[in-house]
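Keep in mind that the numbers below use all heavy atoms, side chains included, and drop hydrogens, waters and symmetry copies. Sequence lines set the chain letters: A, B, ... in the order given, protein chains first and strands last, and positions in each chain run from 1. What you see is a predicted model, and the numbers here were worked out from it, not measured in a lab.
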Amino acid sequence: MSSPPLDKTYNPTAVEKKWASHWAEHKLFHPRHTEKPESFCIVIPPPNVTGSLHIGHALNNTLQDILIRWKRMQGIQTLWIPGTDHAGIATQNVVERQLKKEGLSREDLGRQAFIERVWTWRHQSGDTIIEQLKQLGASCDWDRLRFTMDEGLSLAVRKVFVQLYDEGLIYRGERLINWCPRCLTALSDIEVEHEDIKGTLYYIRYTLADDPEAFLTVATTRPETLLGDRAVAVHPEDPRYQHFIGKQVKLPLTTRTIPIVGDAISVDREFGTGAVKITPAHDFNDFEAGERHGLEPLTLLDIKARMDPLGLKKALVDQDILATLSLKTVHDARPLVIEALQEQELLIKEEDHPMALGKCYRCKTVVEPYLSPQWFVKTGPLAIPAIEAVETGNIRIIPEGWKNNYLGWMRNIKDWCISRQIWWGHQIPAWYCRSCNKDHLVEPSSTSKENPGDHDLSPSLTMSCYITSDAKPIVSKTDPTVCPECGGSDLFQDPDVLDTWFSSALWPFSTLGWPEQTQDFNTFYPNATLVTGLDILFFWVARMVMMGIKMTGQIPFRDVYIHALVRDAEGQKMSKSKGNVIDPLTKMSQYGTDALRFTMASMASPGRDMKLAEERIEGYRNFVTKIWNAARFIQLHTDETQPSAQPKSRSFPDQWILSRLNHTIREVTQALENYRFDQATSHLYQFIWHEYCDWYIELAKPSLQQENHPDASATRHTLLESFEMIQRLLHPVMPFITEELWQSFPHEGLSIMTQPFPSEQPGWTNNGTEHDFSILQAVVSTTRTGRALLNIPANQPLTLYSTTTHDDDAASLKNVQIYIESILRSSLTLAQITDWPSDRILQLVAGNLTIGIPVEPNLDLHQVVKKVKKQIGAKDKECSRLQDRVSSPTFREKAEPSVVQESEARVTSLRQELSLLTSSEHQLATMTPS
RNA sequence: AGGCGGAUAGCUCAGUUGGCAGAGCACUGCCUUUACACGGCAGAUGUCGCAGGUUCGAUCCCUGUUCCGCCUACCA
């Protein structure tokens, strides 16, 4: 029954490995049926298959695991579903980079082969992160591992797509969207990151068509797009320009003329010159302005953001300019356009202009507004219940501060562009009949790769396949074989795939088997809590709420806990390029997983980014060691002890530690209930180190180390009992060491993780004992201070005296006398100062206690005098400040009576303390030869 | 431009329904006492960003302000 002695030092790596496989072997992460009716389900924010564990994952998953382990121990049926995300663009980019090294492109492989290649890669390295999560101790049900592109989830995706399409909530249309000219795909609004840059504002002269002397000056940051201008807008009430409205201007560098229109929305009279060029195909505002004024967009750029010869031709650009600009990137074209304008003396001036540039969130390439046919989700109707759910509190966002962030975004949500022109992902379940859509399709075979402009259609045609927005799709859950219109069988599927976040939006229910009404779905939906970082509040959380409510009629989860971003010690965002990443795996092997987990939890203060300094992890590694050594001590002294019945009586230290443990159980539980992981860990740390180890174990020593001590048996029992409970209390945060220690002591059961989480024990809380203990602490600490001041070695026995004027404290003093004596290895006499046997006794004051330490004749009392004087100074200052307050009539009149009373009481006790200190000072004077 | 958050010990951060300002790390001194030097004991450390206001009383509430961070949006 008794286990082998614990190693002298804790070896995290070996211990972690052992218990990880023990847990897996016994399938302890599976949901267990319990008597409790409620369930607790978390779905993991699925990490990308391209990824490996970074510090953000470590934080995110540690917090989830703490919740899951805690609830599981509370006897609630728990399920934590793991999985990974196919991460469309990101993963495709990774594989394309690999291909590039082989001198290949995805086009070289062709779509089918390319996708197979991605699958291969995904299988090879796709689950690295899963292994790492297991190393972190994540107690997910690994048998329920899902992937956003697995069969079941693909089915869910199709069902949702078809239903939303049928209801008109998904549509296809030609819109201006954000386009990444490197990834060659559309992006949604939130996939664009903005970066502040120093831009230039160019002032350009547009001459009136019917009067070469008259002109308008237009200010723009993008001169190269002026070739696509369809109008110049001025404010309809601007007296400077009113009379121009309706006239035509000559568009520089072209043979076109364009109208001057009045537009109050587009034009800010204060900005620039008050005249704005309207380029519908290359600016979101201008696109809308174009619709208001019936201006047809004129696309100048191709998919790689190069000046498209065909577009330039349609724009009637001057021949030589056209030749110069053709196939130049925006970056290269801009100076050429400026040069040409200068030559014609149309450039009036340039000035610096700070502006924000949109970049692709996957590859940081500058995105271009691009006109193309895309699929959209009509988000307005979906947002309404998603707003309501949060407003009414059906879904709680924690910390609450982020609620407004969510609501603000949701209330002015834009339609969601869900089509991506990439190959890796859920291909859109829409097909086209070739015979019905003859005029609406251009397929790869008809485009020339070498010469993208060499055809007479829109530049959009340089996409691999072009389907005009008025083509008629057949949207279906299953692949159709015949056209319902003409009965023809020449069908092909829309080549676009869905935004990765479309399948992620279904994650809380698709992972539970939906659309089947599975038992899992019925038991675990809605999920209890979603734990995620702020960065994906809109990408993911908002969409899950919309889709969850729409498709299941229920909210997807009740609580959303949002944690902060982990930064480095200097507050910088961690990134590989900066070289400041802290790799959690390295830290786990260096300090142990439990130390890292504890660190993560301790830093999870709400609403604040966390700066991770390595010393922090080191500090908690020391904490782990401390626990380990406490266990060794206990094992050493309880080796022969068998778990026995409750002891008949508990010693004073036993009673005290159980009272403090009860208190800690309450604090930790409350903290977890409020998602205050920081507070939970702080209470655990404080209690275990500074109460259990520093005081309780020290107090337990005498009864364990002396032979036949009357408290020995009860103490052994309490030591084991409390330590076992501490392991359970700590287990959710530190699963590995707690399992190891729990298993090393007498126990029943397969694993600590299925034992009950501690609850407060009736009868353990004991305020009297706690007060007694505070007296003990005061005497012990004060005596030690005295020892340090007098340079008396800690192991030299003393003859101590103590007294107090306070009756309760006098009683306490008596109660704890023998414990003080043993902990200080001294004798303690309780007697009034007048009864102390000698004059050479130093009086030290702690509250209303006076402690006497005999002083040898030759001792240097210099330090003591200094200390006492300082104390007197501080107390005096505080006392007179309080005195002033108490004697102020306005204070007595206006402050709460209890506060007045309290202040008076404090004045009284301060005065008493002062008089004790003064008496001590006098005493010192008699001992110090002057 | 708007919104949000932060500014407290040397560092990282708690905290206060307004009434003695706290922890960890680092630092100083003493101690290798059979759980632990990844340790013990003791100690030092603060204009609670700045300026006003409300209040008997403000680090906390209000107003303004300066820095820093984030988010959203964009003015061509």
Strand contacts (RNA chain B) in residues 860-876 of chain A, 4.0 angstrom heavy-atom criterion
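Within this stretch, K867(A), K870(A) sit under 4.0 Å of the strand.
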Where along residues 261-269 of chain A does a heavy atom come under 4.0 Å from RNA chain B, residue by residue in number order?
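Nucleic-acid contacts, sorted: S266(A), V267(A), D268(A).
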Tabulated below should be each protein N or O lying under 3.5 Å from an N or O of nucleotides 24-30 of chain B; please produce it.
unit_1	atom_1	unit_2	atom_2	d
G24(B)	OP1	H690(A)	NE2	3.4

Is the phosphate of C36(B) approached by T625(A) (side-chain N or O, under 4.0 Å from OP1 or OP2)?
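For C36(B), neither OP1 nor OP2 has a side-chain N or O of T625(A) closer than 4.0 Å.
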Indicate every side-chain donor-acceptor pair of residues 194-204 of chain A with a distance under 3.5 Å to a residue at least two apart or in another chain.
unit_1	atom_1	unit_2	atom_2	d
E195(A)	OE1	K359(A)	NZ	2.8
Y203(A)	OH	E351(A)	OE2	2.9

For F623(A), what residues pass the ring pair (Phe, Tyr, Trp, His ring centres under 6.0 Å) criterion, not counting sequence neighbours?
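By the ring pair (Phe, Tyr, Trp, His ring centres under 6.0 Å) rule, F623(A) matches F598(A), Y685(A).
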Pairing residues for Y406(A) by the ring pair (Phe, Tyr, Trp, His ring centres under 6.0 Å) criterion, not counting sequence neighbours
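Here no residue qualifies.
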Sticking with atom P, work out how far C61(B) lies from G40(B), rounded to a whole angstrom.
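The answer is 37 Å between these two P atoms.
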Can you pull the side chain to side chain donor-acceptor pair (under 3.5 Å) pairs that have at least one residue in residues 258-275 of chain A, sequence neighbours excluded?
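Every pair satisfying side chain to side chain donor-acceptor pair (under 3.5 Å) with a residue in residues 258-275 of chain A: D263(A)-R292(A), D263(A)-H293(A), S266(A)-R292(A).
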Secondary-structure stems, RNA chain B, at least 3 Watson-Crick or G-U base pairs under 3.5 Å:
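Expected stems, ordered by start: B:1-7 with B:66-72, B:10-13 with B:22-25, B:27-31 with B:39-43, B:49-53 with B:61-65.
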For residues 893-901 of chain A, dump all side-chain donor-acceptor pairs below 3.5 Å to protein atoms at least two apart in sequence or in another chain.
none

Pick out the pairs of N or O atoms, protein on one side and nucleotides 33-35 of chain B on the other, that lie under 3.5 Å.
unit_1	atom_1	unit_2	atom_2	d
A35(B)	OP1	K701(A)	NZ	3.3
A35(B)	O2'	N629(A)	OD1	3.3
A35(B)	O2'	R632(A)	NH1	2.9
A35(B)	N7	K701(A)	NZ	3.4
A35(B)	N6	C693(A)	O	3.3
A35(B)	N6	E698(A)	OE2	3.2
A35(B)	N3	N629(A)	O	3.1
A35(B)	N3	A630(A)	N	3.2

Only pairs at least two apart or in different chains count here, so list each salt bridge (charged side-chain N to carboxylate O under 4.0 Å, His left out) that has a residue in residues 683-705 of chain A.
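Passing the test, one end in residues 683-705 of chain A: R660(A)-E691(A), E698(A)-K701(A).
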With 3.5 Å as the limit, what N/O pairs link the protein to nucleotides 56-59 of chain B?
unit_1	atom_1	unit_2	atom_2	d
C56(B)	OP1	K894(A)	NZ	2.3

